[in-house]
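So the structure is just underneath, and the comments pick up after that.
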Amino acid sequence: MALKGNLRDFSTTQLLNLIHLARKTGSLTIQVPAGVTTLYFREGKLVYASTGSRDGHLASVLARAGKLTEEQAKIIRTRSGTTADKELGMLLISAGHVTQQDIVLSVRGDVLDTVYGLFTWSDGIFHFEPNQLPSDDAITVPIDLENIILEGSRRVKEWERLQDELPNLNVALKFTDRPQAQLRNINLSVDEWRVISYINPRNSIKQIAQRIGMDDFQIRKIIYGLLQAGLVEMVEPEGAPPRRPPSTAMQEIVSGPPAVKRSVIRKLIDRIKRL
Amino acid sequence: MQTVKMVVTGPFNAGKTEFIRSVSEIEVVATERRITDHTSRIKKETTVAMDFGRITVDSDLVLYLFGTPGQKRFDFMWEILSEGMLGFVVLVDSVRPETFREARRILDVFHNYAHTPYVVAANKQDVQDAWSPEDLRIALKVRPDIKMLPCVATDKESVKNVLLELLYRIMETAPE
Ligand SMILES: Nc1nc2c(ncn2[C@@H]2O[C@H](COP(=O)(O)OP(=O)(O)OP(=O)(O)O)[C@@H](O)[C@H]2O)c(=O)[nH]1
Ligand SMILES: [Mg+2]
């Protein structure tokens, strides 16, 4: 079963959300004008990233994070030859150049930089390969996707995308009851916290925006992020009068189906089974 | 004689005509037109008014299947087609993510307003690049209480399965 398309139709944030919710394992390859990037996931967590546009050698990663000097990195790169990252990491730790913590944080930072770099692209083909993981000797650091999705949503610039995702500000929000959605593991901005504190099935999004003095774009963007990260979901506001359909075209649907007896439905079922 | 009807809707090129054709006892369309605008790169003919299929149950009962026209400018047809329907199928083209936004638009309308039973069918599952129904459920934000079914509109058994699932949903709300 494939998962292919273009970011124009299904954005990086949406892809990460899908991988997160479906707890997928495999690789996501995205081809943008800057080059090809491959992200690897294990059970819905990002574990590794590689990109054509930067050198992924452990020495280079550590140098970019300021844990090694450029000079040191250069020497290590030439001397280490084909030594795999895991082994090289061990050597660097035992030689006292870096700590394990340095390595984990540097790799993590590099992976995040790579993913965040993707958020600037709204055009590019993608493709998910189930069960494909980086080689065993790569250093993998599992990272929760919620924070990344939130960060990606903060960087959304297109009004249309927000409008698409959240056409109606008269709906209310409630927290999801998925166990993974734990707020305490998530880095929220002050504005996001302000919105969060008003989330309640009684408050429509519009009312929350008015209460805290945000314009439509600001509130849409924040709620888009919370929705994408699976922290909240939309509900009809409590105590609101039943919503009017947008046009008469929907009147009939609202009034519900005609009362056709069960015996009739049963006949239809029997007939279709015999087709 | 009693006639009942069900509607098949979904984005352009999702397979609505094919779906109805697979189970109808009459020729489905008199309303295909050659496409002259930019969409003609995707297909040569589209449904401009509606598809119309029939399944006769017995001398007292006939089921009609209506397919909505694919292109947006025919949205007004909804009014005519949806009147008095028992339920409907939202067909999704699992192979073309460029239609997901439109599929979501259709689904959003129903999530918010519909009191009529419906199911979502992830069509073209026989194509290698098809997104799985599970992925489509997330991508299209289909609620957990709505059935999301795999479908191959050209395969009669598959279409029967979708219609049966819809009828089971209708049965839940039908009076004794
Ligand atoms: N492989 C495959 N092709 C399908 C399937 N269903 C439909 N098709 C093909 O997809 C194309 C579109 O099918 P239609 O039935 O014309 O779609 P439609 O929804 O009626 O299209 P419009 O009326 O133009 O909106 C045709 O070439 C069909 O043969 C399917 O399940 N599998
Ligand atoms: Mg058609």
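Below, chains carry the letters A, B, ... as their sequence lines are ordered, and counting in each starts from 1.
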Once you round to the nearest 0.5 Å, how far does CZ of B:R101 lie from CZ of A:R8? 10.0 Å
What is the distance from atom CG of B:N161 to atom CD1 of A:I272, rounded to the nearest 0.5 Å? 11.0 Å
Report the option among A:N6, A:I269, A:V264 that has the most heavy-atom pairs separated by less than 4.5 Å from atoms of chain B. A:I269
Relative to chain B, which of A:D9, A:I19, A:N17, A:L15 shows the most heavy atom pairs under 4.5 Å? A:D9
Side chain, backbone, both or neither: which part of [X] has a non-hydrogen atom closer than 4.5 Å to chain A?
X: B:V4; result: side chain
X: B:T56; result: backbone
X: B:R104; result: side chain
X: B:L167; result: both
X: B:E165; result: neither

Under the salt bridge (charged side-chain N to carboxylate O under 4.0 Å, His left out) rule, collect the residues that match up with B:K160, sequence neighbours excluded. B:E157
Can you find a side-chain donor-acceptor pair between B:Q125 and B:S94 that sits under 3.5 Å? yes
Can you tell me which residue pairs pass the salt bridge (charged side-chain N to carboxylate O under 4.0 Å, His left out) test with a partner in residues 263-275 of chain A, sequence neighbours excluded? A:K267-B:D58
Most heavy-atom pairs under 4.5 Å with chain A, out of B:L61, B:L163, B:L63, belong to B:L61
For the interface with chain A, which of B:V159, B:I170, B:V23, B:L164 has the highest count of heavy-atom pairs at distances below 4.5 Å? B:L164
Nearest non-hydrogen partners of A:L227 and A:E233, listed with the distance: CD2-CA, 4.0 Å
Heavy-atom pair with the smallest gap, counting every atom of B:L166 and B:G87: CD2-C, 4.0 Å
